[in-house]
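Worksheet: one structure, shown below.
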Amino acid sequence: MDDVLISGGRIVTAVDDYVADILISNGKIETIGRVIEAPSAQRYDATGLLVMPGGVDVHTHMEFPLGEAQTCDTFESGTRSAAFGGTTTIIDFALQKQGESAKLTLEQRLAVAEPQASVDYGFHIILTDVRPEVLTELPDLIDIEGVSSFKMFMAYPGVLMMNDADIFKTMRVVGHHGGMVNVHAENGGVIQVLIEEALAQGNTSPKYHALTRPAIMEAEASHRAIRLAELAEVPVYLVHLSAKEALESVVEARDRGLPAFAETCPHYLFLNSDEYERPGFEAAKYVMTPPLRDHQCQHALWRGLKFDDLQIVSTDHCPFCFNENLYGLNRSKQLGRDNFEKIPNGAPGVELRLPLIFDGGVKGGKISLNRFVQLTSTAPAKMFGLFPRKGAIAIGSDADLVLFDPDKPHTISVSSHHSNVDYSLYEGRCVIGKVEKVFLRGELIVDGDHWLGRKGGGTYQKRSASGVF
Ligand code: DUC
Ligand code: ZN
Ligand code: ZN
């Protein structure tokens, strides 16, 4: 592979902001200097552009089974979409079936991803069945297979939910072996009561998804997850935090010095529960879990991002088409047209994280440019054991780089995105800031609107223990 020189760009990391050249050799950053002479290198002029470490999205669901449904992006389409949005590494999920070994869960998922992914990828394993034989597999998964984080659900009774005893037992093993637990924190039992009451009263439309998942049941479970993790002595990471009441639990725990962390997602920052008032079945597009909250929550989340009460912005990219005609009923929201409980829970967004957070956060004056890089690249890489290979612009790091035009306007639309999904949560929204070029380990994979990446060009990333505390 030829050397690559990226010249004259404004290099922005989580801590620095300066103009310099970057020389890439064999996919790694070789040199950074004010002016680098490298006549034989392939040269790209980045004058006027920001040069940032590739985005790291630690929460995606490509071709992922959720109940009867399956997400509509394959690893091929979903990682291409990620790349166009400036994300060069994803951490997706491998879902353990009941009775299955966790090692087999990982092997099967790797076999699906490997021939297709065009950005680098790792996995969290979602545990649903923690028989003693499964718990004994976890140390090797952490130490040898590079899976240092395990997700557990406090929601979806009878499908994914684990009871507190099993969660606690698992937390103890993971903590003892230097891993991290990710928790979906909602009180599934109480929510199920509310769902059944709503349906019994004939309330079947999408807005009842939100009405039956109240913020205080996210808060209750968040508090419980943190307390269980405290006793088990394991770092805990709350996924897709949406409610200010849940954030209060994280703040309280962190003030006590606990290794408690949380992410939020763009949809909780930019959209609110008014979307559930859309006519007909349109509101189903916004059925994700947890649901969209109110303005006060949005304000609290932005504040949390600024002051490090929240450490990461991930997408929870979990796309289902609105219409069934493209990829079939089980990849579409139409599964739940007569019953909100059957609407697949999830929304797309892997391509929009950087443009949205740059526009709303940096241009909107809510976070600094360095904090933007921290939240979207460096902190996720550190939190999940990928740093400094990923999330950094430093000598020896992978040359995963995004060249970003901070002044270019861009209108978000389903007609220009690269995901298989047939709608956008943000249709018609104009944002300032556009991904211009993306390099994955020194290879140019996105050039403006042109796709130069390769199906199968992404590589599996074994992760080490979290480097955050
Ligand atoms: N939780 C997720 O993390 N993703 C999709 C659905 C869910 O409940
Ligand atoms: Zn979840
Ligand atoms: Zn998710």
Side-chain angles (χ1 to χ4, degrees), residues 58-71 91-102 104-106 108-109 112 123-131 134-135 137-138 141 147 149-171 173-174 179-196 209 212-214 217-218 220-222 224-225 228-229 234 236-242 246 262-263 265 287-291 314 316-320 330-331 333 335-336 339-347:
V58 298
H59 190 153
T60 66
H61 301 266
M62 308 306 177
E63 46 191 301
F64 183 80
L66 200 61
E68 284 176 66
Q70 169 139 345
T71 58
I91 307 182
D92 204 277
F93 293 87
L95 172 62
Q96 180 204 23
K97 296 194 192 86
Q98 290 289 322
E100 186 172 85
S101 116
L104 181 65
T105 303
L106 176 66
Q108 290 174 342
R109 196 71 173 141
V112 178
F123 292 107
H124 317 275
I125 295 181
I126 297 174
L127 295 170
T128 58
D129 174 1
V130 288
R131 287 162 290 127
V134 173
L135 291 181
E137 293 182 288
L138 303 189
L141 285 166
V147 177
S149 46
F150 298 86
K151 180 173 175 182
M152 292 178 282
F153 280 81
M154 290 178 147
Y156 305 121
V159 189
L160 297 168
M161 185 167 120
M162 277 169 55
N163 63 43
D164 289 352
D166 282 346
I167 291 174
F168 174 65
K169 277 191 244 171
T170 309
M171 283 178 164
V173 175
V174 173
M180 158 96 90
V181 291
N182 299 2
V183 179
H184 175 130
E186 285 185 304
N187 185 318
V190 170
I191 287 168
Q192 201 55 38
V193 171
L194 300 179
I195 290 172
E196 278 158 25
H209 169 76
T212 54
R213 308 190 88 92
M217 287 300 97
E218 184 186 347
E220 184 280 325
S222 299
R224 188 160 32 104
L228 294 176
V234 67
V236 60
Y237 178 84
L238 300 182
V239 294
H240 50 49
L241 188 144
S242 68
E263 64 178 20
C265 312
V287 168
M288 72 278 288
T289 307
S314 69
D316 195 2
H317 178 74
C318 190
F320 300 96
N330 77 333
R331 287 179 174 75
K333 296 282 186 183
L335 268 176
N339 175 351
F340 72 87
E341 194 187 8
K342 293 197 160 44
I343 302 171
N345 288 189

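Please read these numbers as outputs of a predicted model, since none were measured by experiment. Residue numbers run from 1 in the order of the sequence given.
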Mind checking the CG-CG spacing from Leu95 to Leu66? Nearest 0.5 Å is all I need.
8.5 Å
Is there side-chain contact between Glu263 and Val239, with at least one heavy-atom pair below 4.5 Å?
yes
Just how far is it from atom CD1 of Ile191 to atom OG1 of Thr212, taken to the nearest 0.5 Å?
7.0 Å
Identify, with sequence neighbours excluded, every residue that meets ring pair (Phe, Tyr, Trp, His ring centres under 6.0 Å) alongside Phe340.
none
Applying salt bridge (Lys or Arg N to Asp or Glu O under 4.0 Å), can you list everything that pairs with Arg213, at least two apart in sequence or on another chain?
Glu186
Considering non-hydrogen atoms only, spot the tightest contact between Pro291 and His209 and give its length.
CB-CD2, 4.1 Å
Once side chain to side chain donor-acceptor pair (under 3.5 Å) is applied, do any residues pair with Asn182, and if so which ones, sequence neighbours excluded?
His124
Hey, does the side chain of Asp129 reach the backbone of Gly99 with a donor-acceptor pair shorter than 3.5 angstrom?
yes
Is there a side-chain contact between Glu137 and Ser101 (heavy atoms, below 4.5 Å)?
yes
Roughly how far, to the nearest 0.5 Å, is CD of Glu341 from CD of Glu196?
7.0 Å
With a 4.5 Å heavy-atom cut-off, do Thr170 and Leu138 have their side chains touching?
yes
Of the non-hydrogen atoms in Val236 and Ala225, which two are nearest, and what is the gap between them?
CG2-O, 4.5 Å
Contacts of Asn330 meeting side chain to side chain donor-acceptor pair (under 3.5 Å) (sequence neighbours excluded), chain-then-number -> none
For Lys342, all residues meeting salt bridge (Lys or Arg N to Asp or Glu O under 4.0 Å), sequence neighbours excluded:
none
Are any of the side-chain heavy atoms of Pro214 and Leu194 separated by less than 4.5 Å?
yes
Compare all side-chain heavy atoms of Thr128 with those of Gln98 and state whether any distance is below 4.5 angstrom.
yes
For the residue pair Gln96 and Ala102, what are the closest heavy atoms and their distance?
NE2-N, 4.5 Å
Measure across Cys265 and Asp316 and return the closest heavy-atom pair with its distance rounded to 0.1 Å.
SG-CB, 4.0 Å
Mind telling me whether Phe93 and His61 have parallel, tilted or perpendicular rings, with 30° and 60° as the class edges?
parallel
What are the two closest non-hydrogen atoms of Leu241 and Ala262, and how far apart are they?
CD1-CB, 3.9 Å
Restricting to pairs with a member in residues 156-166, which pass salt bridge (charged side-chain N to carboxylate O under 4.0 Å, His left out), not counting sequence neighbours?
Asp164-Arg224, Asp166-Lys169
Side chains of residues 150-157: which donor-acceptor pairs under 3.5 Å do they make with residues two or more places apart or in other chains?
residue	atom	partner	partner atom	Å
Tyr156	OH	Thr289	OG1	3.1
Tyr156	OH	Asn345	OD1	2.9

By salt bridge (Lys or Arg N to Asp or Glu O under 4.0 Å) - contacts of Glu68 (at least two apart)
none
All side-chain contact (heavy atoms from CB on, under 4.5 Å) counterparts of Ala69, not counting sequence neighbours:
Phe320, Leu335, Pro344
Quick one: list whatever passes side chain to side chain donor-acceptor pair (under 3.5 Å) with Ser242, sequence neighbours left out.
Glu218, Arg293
For Gln108, all residues meeting side chain to side chain donor-acceptor pair (under 3.5 Å), sequence neighbours excluded:
none
Donor-acceptor pair, distance only, cut-off 3.5 Å: does the side chain of Thr71 make one with the backbone of Phe64?
yes
Could you tell me which residues satisfy side-chain contact (heavy atoms from CB on, under 4.5 Å) with Glu63, sequence neighbours excluded, listed by chain and number?
Gln70, Thr74, Phe75, Arg109, Val112, Gln116
